[in-house]
Each structure stands twice: as structure tokens, then as C-alpha cells.
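Down below is the structure, laid out as C-alpha cells.
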Protein chains: 2
Amino acid sequence: MATRTRQSQRRRQVLTRERIVETAVELLDTVGKDALTVRALTGRLATGSGAIYWHIGNMDELLEAATDAVVADALATRPTRPAGAGSPQDEIRAVALGLFDAVTEHPWLAAQLAAQLTRNPWGPVTLRIFENIGRPVRTLGVPQGVWFTTTSTLVHYILGATAQTSQSTGVPSSEAERAEFLGTASRAWQDLDPDDYPFMRAIADQMREHDDREQFLTGIDLILTGITTLHPPEPARRSGEGGL
Amino acid sequence: MATRTRQSQRRRQVLTRERIVETAVELLDTVGKDALTVRALTGRLATGSGAIYWHIGNMDELLEAATDAVVADALATRPTRPAGAGSPQDEIRAVALGLFDAVTEHPWLAAQLAAQLTRNPWGPVTLRIFENIGRPVRTLGVPQGVWFTTTSTLVHYILGATAQTSQSTGVPSSEAERAEFLGTASRAWQDLDPDDYPFMRAIADQMREHDDREQFLTGIDLILTGITTLHPPEPARRSGEGGL
DNA sequence: ACCTGAACACCGTTCAAGT
DNA sequence: ACCTGAACACCGTTCAAGT
């Protein structure tokens, strides 16, 4: 904004909660989860540890803020944001994929999403995700009495699925690397005790050939089918009641 | 077994990986997640830290073993174990509830299940859960091509749902305490910005009155409906092919 | 009000040394 | 082979002291 170089500006910038969160995300993205320490933050921000604690309560709070920031970004920047575009189903898929892709871009995110869910079940992160899934669920036309239940099912599936997918997709790495990972796992399943793990042995082949992203969407569709089967949309009672 | 008192027997028992895991679960159950430290273990087991590391690789491995032990127990001790009893649907519900109840009995378990899912997506814990859900899915009669997909959807939902439910149910506490928790959350939702969170405001009432366990089962049924709708059971092709 | 940075009370893990 | 326990290299957090 002024003529100073960004460098000096950066150093002179007042320390702010936002700037701390931003730096935390940077550290998580570039160096990984274990690199996010108060000392690393003080280094990058050129301050003392007390300064950090003046702006944020503790490490957990910072992790929550970092997670929320990334989730908010992932859900806001979806290209198809403007309403009225696709079906509610498409919107639900878009939100879900937004989270899925965010998790593959930020390898630390999956663990944090899960952690937030258990640590602060109705904190900002969960709230945001629920809201973004719940809105299209509402326009799906299911009776109001099942809004909470159906949305919960979708959200819980999404979070469970993204949690597991994180590592296998993890670093984009090479296609070969991914094939090797799947091959190793698949082989391991085939070596399992047939008495203890008949099922896993039986699906070892499917495991090797499956595509995480595609399978993720298949799960979404499965649940959407369940929802519309059990709760057929009401006869479009005044399509503008809630608007969007 | 001998005439020695249990006390002295305990002290004289050889240190074993199993005994360490057992003690870890004890610690987690009685004092909580933060209490599980190597120092606490050496105290209870009357050894040095080196002895612990002789039997287990590191803390993560111990956590995984403790989680797996509790999960194995939860899935093994279900009353309706003998096959042929209920429908596959009932069996799936029973497995799911076994995990759900285990999470409410062991408050630390939810976070660990989620952590295992991200840290070691195909480790023993996940494998065990997949196997126990996958078997009844198979007897459901869906085509083999979708065994992996449908089982994944169920498992991911179950783990996501148990992750969130953990805290609210958490300590059995009193019915009043639970009502207060739900009331507070419900009120907080009503105070949200109507522009940002119209959906959460709309379902605040349902939130206050919902029952976690019941809602959990509703989600399972939703997915089961989706599965059988999209993949109608095949005409009972020789009901004994895979047996159980 | 906002920040400094030394100090405190912990961690997990290693490893020479013992039996 | 199995165990001891001091030592190492870290943590998050606090708090008197500064501006």
C-alpha cells in the first residue's frame, strides 16, 4: 500500500491474531504438523512467545482457527458459488468435494478436522460444514423434521471419508507411488488369515483399483439416494419460502 | 495361580507388551488422555522408561495397540455374536452400536479412532472395523462389485458420527447436565447471524431434542436404504457360497 | 495495551551400563 | 535378552518486567 518494500512492511506489521493464524497455516502446509510450535511462530514473526499468547489463548485454539480458516476458504472459493446453478445434489457434491480437495492439498487438515469434531463438536469448524451441507439439504425438499438427521449423516460421512483418504492421496506424489501404496496394501490383505479376515481378502482386488475421489462421491450418492428414498421431496411447497 | 498375593505377583510379573497396553488402557480410562505418559507407565509398572521402549516402538504404537484392544473387545463381546440370528441389517446395527457404546464408555476412544484413521488408514484398527461391517454387507446380497464401496460408506459414517458424539455423551453425567449442554448449544445457534447461519438457526430446536444414539441409528438406516435401493440384493444366489 | 524472553514444569526418546 | 535411569533435546505456558 505504501512504498516500503514488503519485507520491511512485514516486519513492521503489528502482530495480529489473523497474522498468527496465517503463519500457522503456512508452517503446517510447508513443514508439517510437528513444525507448528510456538517457537517456530516466534521465529517467523520475530516476536516473543508472550506475544503469541497475548493474541491467542493456547495451541488448541490456534489449531482450531487455522483449521477454520482453511475450511472457510475451501468452501468459499468453490467456482459454482452463485445459487440457482445446479441441483441441490450438485451443490452437496460440490461442498463435499471442496472439503475433499482441501484435505488433499493440506495433508494436516484431515487429522485436524477429526480432532475438532471430537474436541469441540459444535465449534466453528463443524458449524460451518453443517451449514454448508444443510442449506442444499433444505432445498432438496425433505421434510423439516429430518433436516438435522439427514445433514448429520452427510457431514459425518464426509468427515470420516476425508479422514481416511488423507494419507493415501496425501502428497500428490507420482501415480506410480500411489499404485505402489495400493498394491502393497492389497497384497497385505491377501496375506491376512482367511479365518479372521475373509472379507478384506475378498475385496483386495477392488481396493487396488479403486479411485479415492470417485469412491468418495459414490458414498455421497448412496446417502443422497437413501435420503430421497426415505423422505421423498415434498410437492415443492412454495419454492421461494426460504430462498437462498 | 500360586499362593502369592496379587500384589507381589503383579510386581513380579514379567513386563510384557500386553501388560503395557493393558495398563495404558487403564490409565486412559481412569485419568484421561493426557495422563498416558511414559513416566506414568513406568510408575504403575515399576520399571524404567527403557523397559517400555524395549517392548513397544513408541507412543503412537502404544496408542494404536490400546485402541485396537478396546475395539476388539467391543466388537467381540456383542451379545448377539452367534451367526444366523438376525438380518444382516441387524448385524450391521449391532456392530455400529458396539463401537458407539465403546466410545461413550471410553471417552478417549473417539479421538483415537479418528487419529488412527488418518495416521494409519489401513492399520489393524481400521481393518478390524472394515471386516466386521463388511461381512454382514456381503450377506446383504449386494453385488460383489460394490462390496468395498458400500462398506466404506458405512464405516466412514460410523467413525465420523462416533467422533462427534463422544464429547456430548462423554461422561454419562446426569440427564440434567446433558439437557443443559444441548440447551446451551441450541441457544447459541439461535443467536447466530441469520445471514451467515440460516440453516443452523432453523434446526436449533431439533438439536435440543435429539437423541444421539437414536440419530446414529437413523443415519445407519439411511445408508442401508441407499445401498439396497441402488443395489437390490441379488436373487439369493446359492445362500451358502460364502457362508459366514 | 501490547510485547519481551527467561524460567518452569513438563514431555518422548536414547543409550551406556547393568543383569 | 531384558531392564535401569540419567541425560538429551525438545515442548507449551507463565509472568515479571519493559514500552
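Proteins get letters first, then strands, A, B, ... in listed order; numbering begins at 1 in each. The structure displayed is predicted, hence computed values, not measured ones.
- Between the side chain of B:Arg135 and the backbone N or O of A:Phe199, no donor-acceptor pair lies under 3.5 Å.
- Between the side chain of B:Thr165 and the backbone N or O of B:Ala161, at least one donor-acceptor pair lies under 3.5 Å.
- Residue A:His55 places its side chain closer to C:dC3 than to any other of D:dG12, C:dC3, D:dT4.
- Candidate nucleotides D:dT4, C:dG12, D:dA1 were compared by shortest atom distance to the side chain of B:Thr47, and D:dT4 ranks first.
- C:dT14: Watson-Crick or G-U partner is D:dA6, with both key distances under 3.5 Å.
- Looking at the side chain of B:Tyr53, the nearest of the listed nucleotides C:dT13, D:dC3, D:dT13 is C:dT13.
- Contact annotation for A:Leu36: backbone-only contact, meaning every heavy-atom pair under 4.0 Å involves sugar-phosphate atoms and none involves a base.
- A donor-acceptor contact under 3.5 angstrom links the side-chain atoms of A:Ser49 to the base of D:dT14.
- Nucleotide D:dT13 holds its C1' atom 13 Å from the CG atom of A:Asp60, rounded to whole Å.
- Counting only heavy atoms from C-beta on, A:Thr37 has its side chain closest to D:dG12 among D:dG12, C:dC11, C:dT13.
- Atom CH2 in A:Trp54 sits about 17 Å away from atom P in D:dT13, given to the nearest Å.
- The separation between A:Arg17 atom CZ and C:dC3 atom P is 14 Å, rounded to whole Å.
- In terms of modelled atom types and a separation under 3.5 Å, the side chain of A:Thr151 and the main chain of A:Phe148 share no donor-acceptor contact.
- Atoms CG (A:Leu41) and P (D:dC11) sit 11 Å apart, rounded to a whole Å.
- Atom CG of B:Asp34 and atom P of D:dT13 are 11 Å apart (whole Å).
- The CZ atom of A:Arg39 sits 7 Å away from the P atom of D:dG12 (whole-angstrom rounding).
- If you measure from atom CG of B:Leu62 to atom C1' of C:dC11, you get 15 Å, rounded to the nearest angstrom.
- With the nearest nucleotide of DNA chain C identified for both A:Gly50 and B:Gly57, A:Gly50 has the one nearer the 5' end.
- Electrostatic pairing of B:Glu64 and B:Arg119 does not count as a salt bridge here, judged by no charged N lying under 4.0 Å from a carboxylate O.
- More than 12 heavy-atom neighbours from other residues, nucleotides or ligands sit within 6.0 angstrom of CD on B:Glu61.
- For A:Val38, the side-chain atoms get nearest to D:dT13 when compared with the rest of C:dT4, C:dG12, D:dT13.
- Distance CD1 (B:Ile56) to P (C:dT13): 8 Å, rounded to an integer number of Å.
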